[in-house]
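Contents: one structure, followed by commentary.
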Amino acid sequence: MESHESFMRNRSASVLGRNDILEQIKEHIVSVGVDKALLLLGGPGTGKSSIMARVADVSVEKAISRDIPGSPDQGWHVFYHFVGAIPGSPDLEACLKRLLKELNIINESKMPKDLETTCQVACSALSNPNTKPVIIIIDALNQFDESKESTVLNWLPVKLAPQVRCVFSMIDDTPQHKTLKSRSSKPVELFVTPLDMESRKAIVVESLGKYNKKLDEEQMTSLLSKESSQNPLWLSIACEELRVYGLFEKLTKKIKSFPDGLLSLLESVLSRFEDESGGQLVVATLCLLECSKTGLLERELLMILGNPKNITPSKDVKKIKSDQTIKNPLAASNWARVYRVLKPFLRPFGDSGEGRLDFYHRSLSKAVRAKYFKQDSWKNIWWHTVLAKYFETIENMDRQSEEYPYHLTKCDDKEKLREYLKQWRVFHHFYHPEFSGELLAFWRTVGDKSELFDCYTESLENMNNNPNVDREEISLHYEKVARVVMQSGDVDRCFNLLQSALALEDELGAKPMRMMQLYNVAATMHNERLTLHDFITKAMMPDLKECISFRRKAIRISEQLTERSEKYKYERAFSLMKLAFNLKTWFVLKGDNNLSAQEGFDLGVESLKEAKELYEELGDKGHVAECMMNEGLLLGEVDQEGALEIYRKAEVICIQTYGEVSVLSSRMFTNIAILLEEMNNYDEAYTYFKNGLSSKIQVFGDDHPQTGRLKRVLQEPAYQRLARQEQQQNQQR
């Protein structure tokens, strides 16, 4: 957050000639009845980031002093994010989680497991009228890491809640811009216009005046007559070129030589760098920064550049010195010459000046790629290999995990990537009990999910056969690998791994906390297999029986535990709610001799009652609504009118908590529609199916299987007839 603030302060310091645009953005923020985002559009270098930084800076100041109308009681919260400004900022999931934390929507106990789930929660929050007033300012929306979610923007609802304002900047005609334009509720578009002559002149005077330099009238006219001088970045770069130019008598000629076009000017600047300040050393620095994933620390650059064999590319990557452990950094005098010329075009992340170096603007990145990679694509592999060789040897796990597997992927070195991912320290770094997204993504690069299973199984066997390894540690490793295998979609082979963990825990005395955790994992694994069935059939009974059995074992153990922390309450309530959901299926399938259908039904009711009480203690209204919905599902098997009454109450709480666009709302609408259909109330069922479809499209996307299911339902003859009637009524109005 501090780095975003530093970027905001730096970029907002001087914004010339943009008062009209700033005023229009202000009007959008303070207007009443705004339910769509404002898009600030323009090409590279047109000054979008500076405008967004100024908007963020002023909004923060006004929010603190309560000068923004519309929320006198709570005041406005201002969230700002500059994509590409700091390491990790292009990560959409991290950005949305930061937003949701600041809005108190999630915490460590209620953390979405992956990007898809995070987008669903964000979409719900931004459409919910109970979300606290917030102004969301995101610069360079089109530069988030490429993914379906960052392109289709399913985290952004079609209709924003009344107290939510969104201002985004992006290059026009990018996929993100096209996505938003194609929506039924179109965004407000505001194009960054070319700088007027007065503003251009002010930029030149200010830029050169810092160094006690100025242009005469003829030179100023010559510079501003260039068509590209209407672009703030082109003009700033031109001023920097004039500042360092040493021949005053030839300054006019220098101005006339500036090419029109931002990339053309930048490429000419890069040529000057080569001629004046170190030749291939400058080129190597630029190429290394361009190929790095998140920028490079100065000391990292010095160590890489200190090896002469790293500097000159060759098609034979074997020439890269394999031993990067020799610590011979680039001489300070050589680096000083390179850094002096590049400094105006680089930014260190943070205020200290000691952070990671990267390009000040992405246009320089494009210019480097056009000049040094376009004709010789093999150089891309060379520089990624150089970086991979360096990061292979460093001890800092955070930096290594950021860069090393990324470069192996770019080099298509699957063997080294496999060996890296096999290391336990790497596994633990990327592991997450709910969803190990990065780890799984790297394994998909290596091969299919069987490779993941085979590699970790071999490592587990080696660990198990080593008498020096603590048995508790081995059990934990089996559990974690079992979870990751399940997360990969390999729901059959994860059981053997979990059985090994359970056997080890029996040897160790079956400690209650560990057994409870493992029983819950086992129940989740069986539940994963249940989700593969399209319909409720007897074929589900083996997994359903095991799922219920393991869940009940875990719940019984949790009753013995003396700890009653908030985390404990969440885990117990969640287990009880999941058990009740499975017991509904058990009731439909008529139970068995060990647990009759009626006993299962009664246990489900009891479980939901306790779960609801725990969630009420925790103040978690959303899960209270979910418990009530599951109660309606269960009761619907024996008392449809009673179930509908419970559904209605749950619906009110759900919409109050999440709004109409959320995962739970979409499930709520669908379940109510199904019950109404079973009660032959097709008219009302049609309305709920429509609401469910609208919610699912916004939460899951148009091509999601759950969305498709509701589309097929609404194509059935009874609902098509109601759709035609509705259309006729609308035409008559």
Side-chain angles (χ1 to χ4, degrees), residues 87-88 90-97 108 111-119 144-150 292-294 384 387-388 391-392 394-463 473-498 500-501 517-518 520-521 524-525 528:
D91 185 332
L92 177 62
E93 183 177 348
C95 170
L96 293 178
K97 283 181 175 176
E108 294 307 318
M111 188 63 62
K113 68 177 183 177
D114 54 20
L115 176 56
E116 183 179 5
T117 311
T118 304
C119 288
F144 277 117
D145 290 336
E146 189 173 340
S147 66
K148 181 193 78 173
E149 289 80 5
S150 67
S292 70
K293 185 183 180 185
T294 58
H384 280 296
L387 287 161
F391 282 104
E392 183 180 15
I394 69 167
E395 295 180 1
N396 185 311
M397 188 62 203
D398 288 335
R399 282 298 287 138
Q400 187 185 69
S401 63
E402 275 184 315
E403 295 283 347
Y404 183 55
Y406 169 77
H407 296 298
L408 291 178
T409 301
K410 291 294 184 180
C411 297
D412 198 30
D413 194 338
K414 295 181 180 180
E415 187 56 40
K416 279 198 171 182
L417 183 57
R418 181 190 294 108
E419 292 305 308
Y420 180 67
L421 296 174
K422 278 176 64 176
Q423 298 177 40
W424 286 122
R425 71 186 188 100
V426 177
F427 174 87
H428 292 306
H429 180 83
F430 286 116
Y431 170 79
H432 190 282
E434 294 297 327
F435 191 72
S436 309
E438 276 192 279
L439 182 65
L440 294 172
F442 285 129
W443 272 110
R444 285 194 293 273
T445 301
V446 171
D448 60 23
K449 56 192 175 189
S450 63
E451 291 228 37
L452 178 153
F453 177 83
D454 292 341
C455 280
Y456 288 134
T457 301
E458 181 185 348
S459 296
L460 285 168
E461 288 172 357
N462 293 336
M463 181 184 281
E473 277 297 306
I474 296 173
S475 170
L476 284 168
H477 279 74
Y478 268 103
E479 178 202 341
K480 289 181 178 181
V481 173
R483 285 180 184 268
V484 170
V485 170
M486 177 177 65
Q487 292 165 12
S488 75
D490 197 346
V491 291
D492 291 324
R493 291 196 287 185
C494 59
F495 286 98
N496 292 334
L497 297 168
L498 191 66
S500 298
Q517 290 169 342
L518 293 177
N520 271 323
V521 176
T524 300
M525 288 180 175
E528 283 294 308

Between CG on residue Asp454 and NZ on residue Lys422, distance to nearest 0.5 Å: 10.5 Å
More than 12 heavy atoms from other groups under 6.0 Å of NZ on Lys410: no
Distance-only side-chain donor-acceptor flag, Ser459 / Asn462, under 3.5 Å: no
side-chain contact (heavy atoms from CB on, under 4.5 Å) evaluation trace for Leu408 with Phe442: CA-CA 10 Å; Leu408 291 178; Phe442 285 129; over 6 Å; no
Inter-residue atom distance Asn496.CG - Leu460.CG, 0.5 Å rounding: 12.0 Å
Heavy-atom donor-acceptor pair, Gln487 side chain to His432 backbone, under 3.5 Å: yes
Heavy atoms of other groups near Glu146 CD, more than 12 under 6.0 Å: no
Leu498 versus Ala482, closest heavy-atom pair with distance: N-CB, 4.0 Å
Met525 CE to Asn520 CG distance, which is reported to the nearest 0.5 Å: 11.5 Å
Heavy-atom side-chain contact between Met111 and Glu434 under 4.5 Å: no
No-hydrogen, no-angle side-chain donor-acceptor test under 3.5 Å, Thr294 and Glu403: yes
Residues Ser488 and Asp490: side-chain donor-acceptor under 3.5 angstrom: no
Salt-bridge contact Glu419-Lys416 (side-chain N to carboxylate O under 4.0 Å): no
Expected output: side-chain His429 to main-chain Arg425 donor-acceptor under 3.5 Å: no
Rounded distance (nearest 0.5 Å) linking atom CE of Met463 with atom NE2 of His477: 3.5 Å
Tyr404 side chain reached by Ile394 side chain, heavy atoms, under 4.5 Å: no
Distance (rounded to the nearest 0.5 Å) between Tyr406 OH and Cys411 SG: 10.0 Å
Polar side chain donor-acceptor pair, Gln400 to Tyr420, under 3.5 angstrom: yes
Given Trp424, Tyr478, Trp443, the one that forms side chain to side chain donor-acceptor pair (under 3.5 Å) with Tyr456: Trp443
side-chain contact (heavy atoms from CB on, under 4.5 Å) between Asp114 and Thr117, worked out: CA-CA 5 Å; Asp114 54 20; Thr117 311; 2.6 Å; yes
Any side-chain heavy-atom pair of Phe435 and Leu440 under 4.5 Å: yes
Nearest atoms (heavy-atom pairs only) where Glu479 meets Leu518: CG-CD2, 3.6 Å
Check: Phe391 and Glu402 side chains under 4.5 Å, non-hydrogen atoms: no
Gap separating the CG atom of Leu439 from the CG atom of Leu452, nearest 0.5 angstrom: 6.5 Å
Sequence-distant partners of Glu93, side-chain contact (heavy atoms from CB on, under 4.5 Å), two or more places apart: Asp91, Lys97, Leu115, Thr118
Side-chain heavy-atom pair Lys480, Ser436 within 4.5 angstrom cut-off: no
Least distance between heavy atoms, Ser475 atom then Ala501 atom: OG-O, 3.6 Å
Heavy-atom check, side chain of Leu497 versus side chain of Phe453, under 4.5 Å: yes
Whether His407 and His384 hold their rings parallel, tilted or perpendicular, with breakpoints at 30° and 60°: tilted
Ser401 and Val426: CA distance, side-chain angles, deciding distance, side-chain contact (heavy atoms from CB on, under 4.5 Å) verdict: CA-CA 8 Å; Ser401 63; Val426 177; over 6 Å; no
Close side-chain approach of Asp145 to Leu92, heavy-atom, < 4.5 Å: no
